[in-house]
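A short worksheet on the structure shown next.
FYI, the numbering just counts along the sequence from 1.
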Amino acid sequence: MFFTPCNRTYHGLTGRSYFVTVPSQPSARAPPAAAATPPAPSPPCLLTFTAAGGQYGDIVQLTFEKFSVGKYTSSSSMRGRSQVVECEGSYINIEERVRGGTPRSARGGRWCGQGEGTNIFYSETNTVSVKIVTARKDDTPTIHIRYRFLPRSTAVVRFGFKTKPKFRGEAVSNTECSKILRGCRTKPCILQSPNFPGFYLRNLTCYYLVKALPAPSPLFKPVISLSQPNNRLIHVGDNAIVSRISPEVSIQRQCPGDHISIYDGGEMKAPLLVQFCGSTSLPNITSSGPEMLVVFHSATAGRMNHPPKMVVGFELIARELFRKQDFGSDCLVHITSFENKHGIIRSPTYAMPSNSSCLYSFTGKQGEILWLYFSKYYRQRKFDASFNDYECKNGLTIEEFKSKDETFKDHGKSIGRFCDDINPPVCIRSKHKNRLSLPCSETESFLSSTPNVSITQRFTDGTSLSPLEYVLHYEYVTTDKVNDKNDPYACEEKYSSSLSRKGVISSPKSVFMFGREYEYDKATACQHDRNVTGNWGVLPLGNSSSSSLCDLIPWRISGSINQYIHLSVPGSHPSSSSCNTNNRIIIFYEGTPVKSICPSSSSEENKISVFSSGWHERGPWHERQQILFRYIGREPGFYNLMWLEITRDPQPPALESVAIGGGHRITGSGSCPSECPEILACINSSLWCDGVTQCPSGADESSCNKSGLAWMQTLVLFGSGTALTVVAVTVLGITATHVVRQEKLKKRKKKQAQQLMTQEVLLPLSSKADSYYSS
């Protein structure tokens with residue numbers, strides 16, 4: 001008698017695994033040799049799984065270990081903007097029940113094709129139905145399902161821990177998966193794909209509306225910030241693209257199938273900030289107002305082809321922030337010299353959509369010209385490819401006009417034009433405080449010949465996935481003596497009483513003269529070479545016998561190919577109460593200052609870790625690594641900075657990472673024998689147990705069994721025969737005990753080091769309130 005698993009309801013106890021198999025039916029094993037008509041379709045096979053609560057669980061887990069059903073087909077348009085996916089022949093459908101008893105997947109989502117990888121489904125409710133539709137009796141679908149029933153308390157990846165639950169929003173009635181999230185200021189709001197962290201259903205459209213509460217003061221406005229730093233918590237799109245390669249694949253914007261869309265407002269009529277798919281982390285995307293809409297769409301058909309060690313779907317983090325009302329960060333600004341002779345313009349604090357732009361127009365008085373310079377211009381290059389075909393992508397244009405009657409919409413005379421990777425010059429010295437420095441030269445700034453200027457910054461790719469930060473300084477000056485700045489007598493005037501018995505004497509109006517001049521001074525050779533290489537080293541900073549002008553020369557640490565650089569700086573943030581000096585160490589990235597550190601001469605002081613670019617991005621990196629920094633000495637002090645060449649230790653699986661705290665590792669994987677555990681990095685094996693401490697916590701020397709080795713050498717010299725054997729066994733036991741103790745000491749020091757170390761990625765500061773040069 002043939003037993004069929006179809007049209008049955010399955011139950012079970014928690015903590016156990018069960019199996020159900022749907023093989024080919026007996027009638028399909030020997031089809032007629034010459035059928036006059038195609039075989040008729042078989043009746044659907046329905047498998048129902050119910051978690052009855054209590055010891056029978058609350059959530060259904062289905063693992064599709066084998067899957068071969070029908071044929072999956074996909075076709076795209078020429079430009080890849082539309083896609084048709086469908087199942088030819090047999091397929092399966094997965095349904096859940098929502099409030100009111102209606103099926104969640106009644107819209108016809110399907111799975112088909114050949115399955116591979118890890119295909120796990122976690123129910124949102126207590127009942128799941130799997131319907132297998134066989135198009136022809138001679139089809140041979142094969143499905144092996146391992147099913148379990150889980151208590152809700154164990155689903156910490158989805159719901160969080162009991163002491164720290166995740167706020168996943170309020171479900172919208174009569175919808176399949178839409179939610180509203182409010183109050184994200186006191187706690188972060190979590191946006192999850194349906195059935196997270198397992199694969200999501202087909203043919204779904206979910207709307208997530210994030211709303212901020214009113215600001216406590218009219219001086220501030222509420223905005224929404226959306227992000228996900230863990231690159232293993234976003235996996236959306238065609239599974240065949242990423243199933244056989246590493247999870248660090250770059251993000252895609254042309255997504256005709258499954259995708260996520262983010263809007264700068266509470267409806268789909270609002271500007272589209274970004275639409276993407278793929279597997280990646282997500283930088284901070286900030287709205288311009290109090291609402292943000294996230295829309296998730298899945299295609300009608302899909303494959304059981306999900307990559308292992310990764311979640312399927314997404315988890316995004318939404319936070320409510322208050323931004324200060326500041327015209328300097330607006331995107332459409334008109335400035336006149338009647339109101340503001342000088343000032344600062346900053347990049348928008350909110351995300352800009354693709355193909356948008358910021359326009360800054362200036363109108364001055366007759367006889368005035370405009371002096372402009374950037375103290376910061378930085379674009380985060382997380383994604384390599386540009387997604388638009390424009391001659392000048394993300395262009396910056398500076399133009400001047402003969403009169404104010406000319407419209408700024410017309411093209412004027414260009415005094416500066418920059419596209420994508422070619423950034424405008426940056427005058428870094430303008431950021432220095434309480435220190436005499438060289439002025440911003442003409443090669444580092446822009447000087448118009450008319451009082452009417454426009455600056456246009458275009459965002460071809462938007463700033464959601466490629467953030468751009470800039471700080472622009474402007475100042476109106478008169479044309480008096482500007483053209484004579486190189487004349488040695490341009491600052492000399494003669495007065496005669498025969499011409500006038502009284503008058504006014506004022507300083508020169510040229511921006512390149514009084515108060516901004518410079519001179520060259522002779523100096524002795526610097527005591528230390530400022531360009532260093534190798535697998536490690538110690539850099540002495542502070543007072544020395546060489547000229548103090550050596551402090552103006554930056555240090556450059558250059559690493560080897562495929563090696564990152566770690567710099568350990570004893571000290572703290574300049575605003576910290578432990579900062580007791582006016583000296584500073586300034587870290588640069590691509591010529592731009594990104595971090596200010598208050599150094600400390602004490603070896604017991606907390607250490608700040610600085611990594612070279614790319615370390616936290618978890619992607620392939622084949623460029624020669626460098627760290628550039630400068631020491632600013634304002635008072636006596638002497639400091640030692642240690643640097644190391646490092647490589648990564650492999651990451652743990654994604655679900656393990658999530659379970660231990662949002663993807664951040666707590667302990668080393670153990671696959672790297674020369675690991676500095678406090679920075680989760682491997683150092684050169686020749687540095688391990690070399691008698692010099694290189695790891696910030698000393699882990700490279702604390703585990704070396706030098707005393708045990710000395711005892712063994714003593715036995716070789718003085719022991720013999722059986723006595724030697726007995727003593728050797730005894731000493732080996734003592735040595736093993738010593739090793740165990742050393743391992744415990746290593747773990748304890750590792751824990752202490754993690755508490756002391758403050759890891760800082762070499763990228764721009766995360767908060768606008770931070771100051772690069774706090775004093």
Pair Tyr207-Val172, side-chain contact (heavy atoms from CB on, under 4.5 Å): steps then yes or no
CA-CA 9 Å; Tyr207 301 90; Val172 179; over 6 Å; no
Taking it one step at a time, do Val133 and Arg110 satisfy side-chain contact (heavy atoms from CB on, under 4.5 Å)?
CA-CA 10 Å; Val133 178; Arg110 300 177 177 184; over 6 Å; no
side-chain contact (heavy atoms from CB on, under 4.5 Å) evaluation trace for Phe296 with Leu191:
CA-CA 10 Å; Phe296 167 65; Leu191 286 68; over 6 Å; no
Show, in sequence, the C-alpha distance, side-chain angles and deciding distance for Ser129 and Leu46, and conclude whether the side-chain contact (heavy atoms from CB on, under 4.5 Å) test is met.
CA-CA 7 Å; Ser129 297; Leu46 185 64; 4.0 Å; yes
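Side-chain contact check for Thr300 versus Val85: some heavy-atom pair is nearer than 4.5 Å. Residues Cys695 and Ile683 form a side-chain contact, since some pair of their non-hydrogen atoms from C-beta on lies under 4.5 Å apart. Between Ser153 and Lys162 the shortest side-chain heavy-atom distance does not fall below 4.5 Å. The closest side-chain heavy-atom distance from Tyr200 to Val312 is below 4.5 Å. Side-chain contact between Asn231 and Ser279 is absent, with no heavy atoms from C-beta onward closer than 4.5 Å. Under the 4.5 Å side-chain criterion, counting only non-hydrogen atoms from C-beta, Val22 is not in contact with Pro141. A heavy-atom distance below 4.5 Å is found between the side chains of Asn284 and Ser227. A heavy-atom distance below 4.5 Å is not found between the side chains of Ser261 and His297.
Residues Ile679 and Pro696 share a closest heavy-atom pair of CG2-CG, 4.4 Å. Among all heavy-atom pairs drawn from Glu86 and Cys112, the shortest one is O-SG, 4.2 Å. For the pair Gly15 and Arg148, the tightest heavy-atom approach, listed with the atom from each and the gap, is CA-NH2, 4.4 Å. Heavy atoms only, all atoms of each residue included: Pro229 and Ile317 are closest at CD-CD1, 4.4 Å. When all heavy atoms of Leu321 and Ser225 are compared, the pair lying nearest together is CD1-CB, 3.7 Å. In terms of heavy atoms, Tyr208 sits closest to Pro194 at OH-CD, 3.9 Å.
Other residues, nucleotides and ligands contribute at most 12 non-hydrogen atoms within 6.0 Å of the NZ atom of Lys71.
Taking a cutoff of 4.0 Å between a charged side-chain nitrogen and a carboxylate oxygen, Glu124 and Arg168 qualify as a salt bridge.
Ring planes of Tyr10 and Phe49: parallel class, angle under 30° (limits at 30 and 60°).
Distance alone, capped at 3.5 Å, is enough to place a donor-acceptor pair between the Asn195 side chain and the Tyr122 backbone. Without hydrogens or angle criteria, Thr4 side chain to Cys6 main chain gives a donor-acceptor distance under 3.5 Å. Between the Asn126 side chain and the Ala52 main chain, no donor and acceptor come within less than 3.5 Å of each other. Side-chain atoms of Thr48 do not come within 3.5 Å of backbone N or O of Thr9 as any donor-acceptor pair. Remark: side-chain polar atoms of Ser298 are paired, donor with acceptor, to backbone N or O of Asn203 under 3.5 angstrom. Formation of a donor-acceptor pair under 3.5 Å by the Gln228 side chain with backbone atoms of Asn230 is found in this model. The backbone N or O of Leu233 sits nowhere less than 3.5 Å from a side-chain atom of His235 that would complete a donor-acceptor pair. Judged by distance alone, with hydrogens and angles left aside, the side-chain atoms of Asn119 form a donor-acceptor pair with the main-chain N or O of Asn305 at under 3.5 Å. Checked by atom type and distance alone, the side chain of Thr142 never pairs as donor or acceptor with a backbone atom of Ser68 at under 3.5 Å. Between the side chain of Lys166 and the main chain of Val157, a donor-acceptor pair closer than 3.5 Å is present.
With Leu316 as reference, Ile234 is the one residue of Ile285, Ile234, Val210 to meet the side chain to side chain contact (heavy atoms under 4.5 Å, CB included) rule. The side chain to side chain contact (heavy atoms under 4.5 Å, CB included) test with Glu320 singles out one residue from Arg182, Lys211, Arg185, and that residue is Arg185. The residue from Tyr72, Phe199, Phe64 that alone fulfils the side chain to side chain contact (heavy atoms under 4.5 Å, CB included) condition with Trp111 is Phe199.
With rounding to the nearest 0.5 angstrom, the CD atom of Glu170 is 10.5 Å from the CG atom of Leu209. To the nearest 0.5 angstrom, Thr14 atom OG1 is 10.0 Å from Tyr56 atom OH. Here CZ of Arg202 is found 10.0 Å from CZ of Arg303. Values are rounded to the nearest 0.5 Å. A distance of 14.0 Å separates OG1 of Thr63 from NE2 of His144, quoted to the nearest 0.5 Å. Within the model, atoms CD1 of Ile262 and CE of Met292 stand 6.5 Å from one another, a figure rounded to the nearest 0.5 Å. For the atom pair CG (Leu282) and OG (Ser464), the distance works out to 8.0 Å, reported to the nearest 0.5 Å.
Remark: Thr118 engages no residue in a side chain to side chain donor-acceptor pair (under 3.5 Å) (not counting sequence neighbours). In terms of the ring pair (Phe, Tyr, Trp, His ring centres under 6.0 Å) criterion, residue partners of Tyr18 (sequence neighbours excluded) are, by chain and number, Tyr147.
Of the two cysteines examined, Cys676 and Cys682, the SG atoms fail the criterion of being under 2.5 Å apart.
No side-chain donor-acceptor contact under 3.5 Å links Thr50 and His11.
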